[in-house]
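All values below were derived from every heavy atom in this structure, side-chain atoms included, with hydrogens, water molecules and symmetry-related copies excluded. First listed ligand is number 1; within each ligand, the first listed atom is number 1.
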Amino acid sequence: MKTSNLFLQSKLKKLLPLIFCLIFVWQLSAQESWQASRETVEKLSKNQTEFNYYEEKVPAYTLPDALTTIKGQKIRSKKEWEKLRRPELLELFTTQVYGRVPNTPYKTEFKIIKEDPNAMNGAATLKLVDIIISANTKSLTIHLGLFIPNKVSKPVPAFLLVCNRPPAENIDFTREKKSEFWPAEEVIARGYAVAAFYNGDVDPDKHDDFQNGIHALLDTNRNSESWGTLAAWAWGASRCMDYLVSDKAIAADKVAVIGHSRGGKTALWAGATDERFAMICSNEAGCGGTSLARRKYGETIDRINKAFPHWFCANYKNYSNRENEMPFDMHELMALIAPRALYVAAASEDLWADPKGQYLALYHSLPVYQLYTKNTRLPQDMPALNTPVRNGQVAYHVRDGAHNLTLKDWNFYMNHADRVLKKGTKRGIR
Ligand code: GTR
């Protein structure tokens with residue numbers, strides 16, 4: 001017995017340096033800047049030969065400078081940004097990408113159809129609010145569900161999800177069906193109110209020539225700048241915000257809008273157009289949202305215009321296969337959110353949405369954030385897998401796995417919100 005123990009001990013002693021070495025290498029690789037796995041690249045390239053997934057095939061490009069106006073004036077202060085460049089970029093994204101909301105007058109009414117102070121076993125109060133929009137003898141109802149944590153002494157910050165998945169499975173307000181897509185119990189446990197609406201309440205996700213949804217109420221003479229479906233959903237998020245700011249239990253200046261994929265594009269546009277949102281979480285939004293179009297990696301403008309002709313305004317079709325002619329790129333959409341909090345997230349297998357292009361877009365929006373807080377910086381290299389990078393108002397992560405919005409993503413978002421919403425103000429952390 002004794003001899004075999006001694007034998008084992010001496011063996012272990014010999015192996016110790018090797019074990020330490022392995023742990024060191026493992027830690028190093030865990031910290032390594034993320035890059036797409038060769039296997040995923042090859043698999044996707046094989047299945048979708050017309051799209052590029054190879055980093056080495058990304059063309060050389062020059063991004064428009066967020067801090068130079070169309071006429072060539074350099075922007076040097078937040079005052080100049082807010083007065084000259086921000087309105088100019090907002091107009092470009094309105095007329096060239098998402099489309100303009102018509103100025104048809106409409107009425108909004110809030111109807112509390114249910115209030116349950118004992119929801120989630122007493123942890124929260126549930127409010128079901130019908131947001132009724134009427135115009136031109138027609139009306140439409142957005143069904144907003146909202147849980148507010150109980151036993152709190154002051155108005156709470158909130159997350160509003162733009163839900164682009166079947167509501168019965170993903171945002172079940174009865175909580176019989178639970179989904180990581182909207183982990184309401186977990187969000188409540190962290191002291192946030194949590195709200196959601198189904199995007200289909202505002203506009204159906206199909207090309208119906210804009211005959212239904214909010215378009216049927218507000219559209220008059222459509223033209224190449226008229227709003228598409230993403231802008232309609234973003235408008236819907238703003239109508240939910242109209243309710244949230246009216247509810248005394250919610251801290252109106254601490255509301256985050258969050259969305260996944262097409263919902264992530266919507267969240268970004270809602271954040272750009274509605275400055276009441278203090279934080280924007282755009283999950284794997286990719287093309288037409290968070291990734292740089294000029295990289296032509298994964299989904300392209302041409303593909304998105306063909307597959308989803310109703311999402312954008314008609315002018316966006318002018319940029320199909322002509323990315324370099326766009327007088328903007330998506331880093332400038334992100335810049336429209338400054339100085340408010342912005343969290344961009346990607347997933348390691350979701351190369352369709354170009355994780356690197358999403359990081360670079362955020363990175364290149366920083367000169368605008370720096371007008372407000374000088375030392376807002378991110379490393380040039382991508383962060384390691386499952387390792388969020390944060391600085392001031394901005395944050396980014398690549399989660400392991402497929403295209404999805406998961407509890408892991410939500411936890412990263414809430415960690416950032418703990419700083420920027422709970423402790424900070426809309427104009428930065430104090
Ligand atoms: C894809 C589309 C993406 C993304 C995604 C989603 O088919 O190409 O741009 O929006 O749908 O919303 O899940």
Side-chain angles (χ1 to χ4, degrees), residues 36 40 43-45 47-53 93 97-99 161-167 169-171 179-182 196-207 213 228-234 236-237 257-272 280-313 316-317 319-321 323 326 329-330 333-334 344-359 361 398-399 401-406 409-410:
T40 315
K43 195 174 93 198
L44 291 172
S45 305
N47 295 342
Q48 294 171 300
T49 45
E50 67 273 43
F51 300 104
N52 175 39
Y53 290 104
F93 280 100
V97 185
Y98 301 103
L161 174 75
V162 179
C163 180
N164 56 298
R165 287 193 177 168
E169 287 100 67
N170 291 285
I171 51 167
S179 151
E180 289 196 14
F181 200 69
W182 191 59
F197 74 101
Y198 174 50
N199 63 351
D201 281 355
V202 186
D203 199 23
D205 193 0
K206 61 175 185 210
H207 192 30
T229 296
L230 292 172
W233 296 335
V257 61
I258 171 167
H260 167 66
S261 208
R262 63 200 74 187
K265 306 183 215 286
T266 305
L268 265 181
W269 187 234
I280 285 79
C281 303
S282 187
N283 199 70
E284 300 157 27
C287 181
T290 37
S291 59
L292 290 176
R294 280 167 170 79
R295 278 173 48 83
K296 297 183 201 164
Y297 186 105
E299 189 174 24
T300 60
I301 296 183
D302 179 51
R303 155 58 165 70
I304 208 168
N305 274 326
K306 283 184 180 141
F308 306 100
H310 56 296
W311 279 2
F312 302 91
C313 73
Y316 194 50
K317 308 215 168 33
Y319 303 106
S320 291
N321 299 316
E323 289 82 354
M326 294 196 312
D329 212 318
M330 296 331 238
L333 172 62
M334 294 185 186
V344 176
S348 62
E349 290 165 21
D350 183 18
L351 305 188
W352 185 236
D354 187 11
K356 187 166 181 186
Q358 298 179 59
Y359 185 67
V398 196
R399 177 194 31 82
H403 184 64
N404 199 359
L405 172 57
T406 68
D409 296 306
W410 274 94

Inset, instruction - Number the atoms of ligand 1 from 1 as they appear, then name those within less than 4.0 Å of a heavy atom of Ser261, with their elements. - result: 4 (C), 5 (C), 6 (C), 10 (O), 12 (O), 13 (O)
Legend entry - Sub-4.0 Å atoms of ligand 1 with respect to non-hydrogen atoms of Arg303: 8 (O)
Legend entry - Matching residue for Arg262 among Asn199, Asp205, Thr229 - test: side chain to side chain donor-acceptor pair (under 3.5 Å): Asp205
Inset, instruction - Report yes if some N/O of Trp352 lies less than 3.5 Å from some N/O of ligand 1; otherwise report no. - result: yes
Inset, instruction - Tell me which protein heavy atom sits closest to atom 12 (O) of ligand 1, plus the residue, atom name and distance to 0.1 Å. - result: Arg262 NE, 2.5 Å
Inset, instruction - Keeping the roles fixed (side chain from Asp354, backbone from Leu292), state whether a donor-acceptor pair exists under 3.5 Å. - result: no
Legend entry - ligand 1-proximal atoms of His260, by part, heavy-atom distance under 4.0 Å: neither
Inset, instruction - Examine ligand 1 and decide if any of its atoms is less than 4.0 Å from a heavy atom belonging to His403. - result: yes
Legend entry - Distance in Å, Arg295 CZ paired with Asn52 CG, rounded so as to fall on 0.5 Å steps: 8.5 Å
Inset, instruction - Any atoms of ligand 1 less than 4.0 Å from a non-hydrogen atom of Ile304? List them with their elements. - result: 9 (O)
Legend entry - Shortest protein contact, atom 7 (O) of ligand 1 (heavy atom only): Phe308 CZ, 3.4 Å
Inset, instruction - Could you pull out all residues at least two apart from Arg165 that satisfy salt bridge (Lys or Arg N to Asp or Glu O under 4.0 Å)? - result: none
Inset, instruction - Measure the spacing between SG of Cys163 and CG of Asn170 and express it to the nearest 0.5 Å. - result: 5.0 Å
Legend entry - Atoms of ligand 1, numbered as shown, that sit under 4.0 Å from any heavy atom of Trp311: 9 (O), 10 (O)
Inset, instruction - Examine distances only and state if a side-chain atom of Asn305 and a backbone atom of Asp302 form a donor-acceptor pair shorter than 3.5 Å. - result: no
Inset, instruction - Please report which non-hydrogen protein atom sits nearest to atom 3 (C) of ligand 1, along with the residue it belongs to and the distance in Å to one decimal place. - result: Glu299 OE1, 3.2 Å
Legend entry - Test item: Glu284 side-chain N/O and Asn404 main-chain N/O as donor-acceptor pair under 3.5 Å: yes
